[in-house]
Amino acid sequence: MSAVASATIFLQRESFIYVLYIIAFALFIQGLRGLAGPTSAVRGNRTAAVGMAIAVIATLLNREEGNWGLIALGIAIGMAVGVPAARQVKMTAMPQMVALFNGVGGGAVALISWVEFRNYGNSYAQGKLLVTNVNPAGLHAFPGPGGIIGRAGVLHGVALSSGPPTYVAIFSVFAAIVGSISFWGSNIAFGKLQEILPGRPITLGAAQQAVNLVLLVLALAAGVDLVAGAHSQLLFIGMLVCAALLGNAVVLPIGGADMPVVISMLNAFTGLSAAATGVALNNPALIVAGMIVGASGSILTNLMAVAMNRSIPAIVAGGFGGTGAVEGASGAGEHAGTVRSTTAADAAIQLAYANRVVIVPGYGMAVAQAQHAVRELTKELEARGVEVSYAIHPVAGRMPGHMNVLLAEADVPYDQLKEMDDANPEFPRTDVALVIGANDVTNPAAKNTPSSPIYGMPILEVSDSASVIVIKRSMNPGFAGIENELYYEPKTTMLFGDAKTAVSEIAAELSQL
Ligand code: NAP
């Protein structure tokens, strides 16, 4: 036997493939640990990517993998679309990107389930026919996919040569339904965040929940029928369509402010559906990777829902949701109160004579890419003996961890970043809260106005500070589309302008003092 032939046999051994999978799993978990902190996040991401590359190679080594031309074509198309998209995406458009990529995962899972169903000859219970020929008398009561047939014990335990086991059919149907919901829901989330669709809730009103329930019941009924042995490709397609409509119907009524929770939840759905496909295809890599995504996505969803004081079932049912245009919310300039504007020079003096300054970054800092300028300003202040820290709201910006990533990129020491629960008790002993491009996450309406769409969301309580400086370009609202009372408080002054320019100007003024 030639050396190449023996090497091929060794590489394709099941035990070798399993060793590769175990290495891949270890790298996934190590990667996930790295993602827990901004300083190790890049390394963690690369570690998990290497793990995924090993898992893909291990799967391709499998002797049953055949159509190399199609596989190469799929990889080439995926890379041609994915690599430039990931390289060019702006940091501020990252949530849409996550939604889109997540949706593609769910869609792939749904398609794989459909292909598997077709492979079984349009019925998960193909084996039933074989036995019918053998002994028709005992077969109609409990025909089961996977070839285990039982009728009141008469034929219990008869194994057939074709048709998948029942659990494979169940997991395939589960993956198809959840993957389809995730694909369509993620596309709607993408459309809303990309402003292709209106960000406000689009709802059927009082009928919404009934419609959702009917779609869910129809999808489940079709799934049960398929697992029970219905011979119908049309039924499978009908099930996918019901799940697709449900994905649309669940996400369309959700307002923009709740979108991060929804994206994370759909991400968890995709993970679970991928794990189910892994069970159906007997692929351990899919099971483990899917469960990691499903579990971490579920934990993140819960953390965000708690941070925004939202109940996950209520979000899904459309019971909450920040709207893009809120009834009764006034736009720019409609508030009766007075706004005090300030200049970079005055802001610099106020900051220079403070003992303690807390910087509150938000989406505007990300848009302006002001993080490096902010870091320079911090250094100037620290050189003057001012104690500076950063208060980070869990949903500031447009994706979880958005502010942490930006500030880590600007080398802000990690110990200066305070999560909301640690930051809030510090505001009463803060001289100046410097709000840079943050709006909703500081809006007191979340505490004081029960009719507000963000009511109940915990906020950074900047108005507990002795004074507040807000940097933004205008009086326009933030993501939730609502007025911010903070701007009318006597202790607040507004420095209008682009965040990067304004922060640089303050730093320049400081250096002159
Ligand atoms: P925000 O409420 O969206 O407000 C951002 C503010 O930045 C705007 O009012 C805008 O005012 C200002 N701005 C924009 N460009 C600027 C620039 N170049 N320079 C200076 N200011 C600029 O942001 P946030 O306080 O960070 O709150 C996040 C919101 O996004 C929440 O409603 C949250 O629910 C939602 N969200 C979060 C995530 C997540 O996972 N983090 C994902 C999706 C949605 P001007 O136009 O007047 O400048």
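Computed from a predicted model, the values in this text were never measured in an experiment. Counting convention: from 1, in listed order, for ligands and their atoms alike.
For residues 465-475, the set of pairs meeting the side-chain hydrogen bond (donor to acceptor under 3.5 Å, both in side chains) definition, not counting sequence neighbours, comprises Gln350-Ser467, Ser474-Asn476. The stretch residues 494-503 participates, sequence neighbours left out, in no salt bridge (charged side-chain N to carboxylate O under 4.0 Å, His left out) pair at all.
In terms of N/O distances under 3.5 Å, ligand 1 is approached by Ala396. In terms of polar-atom proximity, defined here as any N/O pair under 3.5 Å, Val367 makes no such contact with ligand 1. Polar contact with ligand 1: absent for Met475 (N/O pair, distance under 3.5 Å). Ligand 1 has no nitrogen or oxygen under 3.5 angstrom from a nitrogen or oxygen of Ile471. At a 3.5 angstrom cut-off on N or O pairs, Ala499 counts as close to ligand 1.
Comparing Ser474, Pro260, Gly478 against atom 45 (P) of ligand 1, the shortest heavy-atom distance belongs to Ser474. Compare Arg473, Met94, Lys500 by their heavy atoms: the one nearest to atom 14 (C) of ligand 1 is in Arg473. Distances from atom 28 (C) of ligand 1 to the heavy atoms of Ile436, Val395, Ile459, Val435 show the closest one on Val395.
Close approach of ligand 1 to Pro477 is summarised as follows: ligand atoms under 4.0 Å from at least one heavy atom of the residue are 9 (O). Within ligand 1, counting atoms from 1 as listed, the ones closer than 4.0 Å to a heavy atom of Ala438 are 25 (O). For ligand 1 and Gly362, the ligand atoms under 4.0 Å from any heavy atom of the residue are 26 (O). Close contacts between ligand 1 and Ala368 involve ligand atoms 18 (N) [criterion: under 4.0 Å to a heavy atom].
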task: Start with the C-alpha distance between Lys379 and Glu376, add both sets of side-chain angles, then the distance that settles salt bridge (Lys or Arg N to Asp or Glu O under 4.0 Å), and finish with yes or no.
output: CA-CA 5 Å; Lys379 284 183 187 164; Glu376 290 311 310; 3.6 Å; yes
Derivation of the side chain to side chain donor-acceptor pair (under 3.5 Å) call for Tyr487 and Asn439: CA-CA 10 Å; Tyr487 305 157; Asn439 189 339; 3.1 Å; yes
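For the ligand labelled ligand 1, residue Ala366 lies outside the 4.0 Å heavy-atom shell.
Between the side chain of Gln208 and the main chain of Leu204, a donor-acceptor pair closer than 3.5 Å is present.
The neighbour count for Phe28 CZ, taken as heavy atoms of other residues, nucleotides or ligands under 6.0 Å away, is above 12. Around CZ of Arg384, the count of heavy atoms belonging to other residues, nucleotides or ligands within 6.0 Å exceeds 12. Applying the 6.0 Å contact sphere to CD of Glu195 captures no more than 12 heavy atoms from other residues, nucleotides or ligands. Counting non-hydrogen atoms of other residues, nucleotides and ligands closer than 6.0 Å to CZ of Arg429 gives a total above 12.
The residue Pro95 has no part lying near ligand 1, judged by heavy-atom distances below 4.0 Å.
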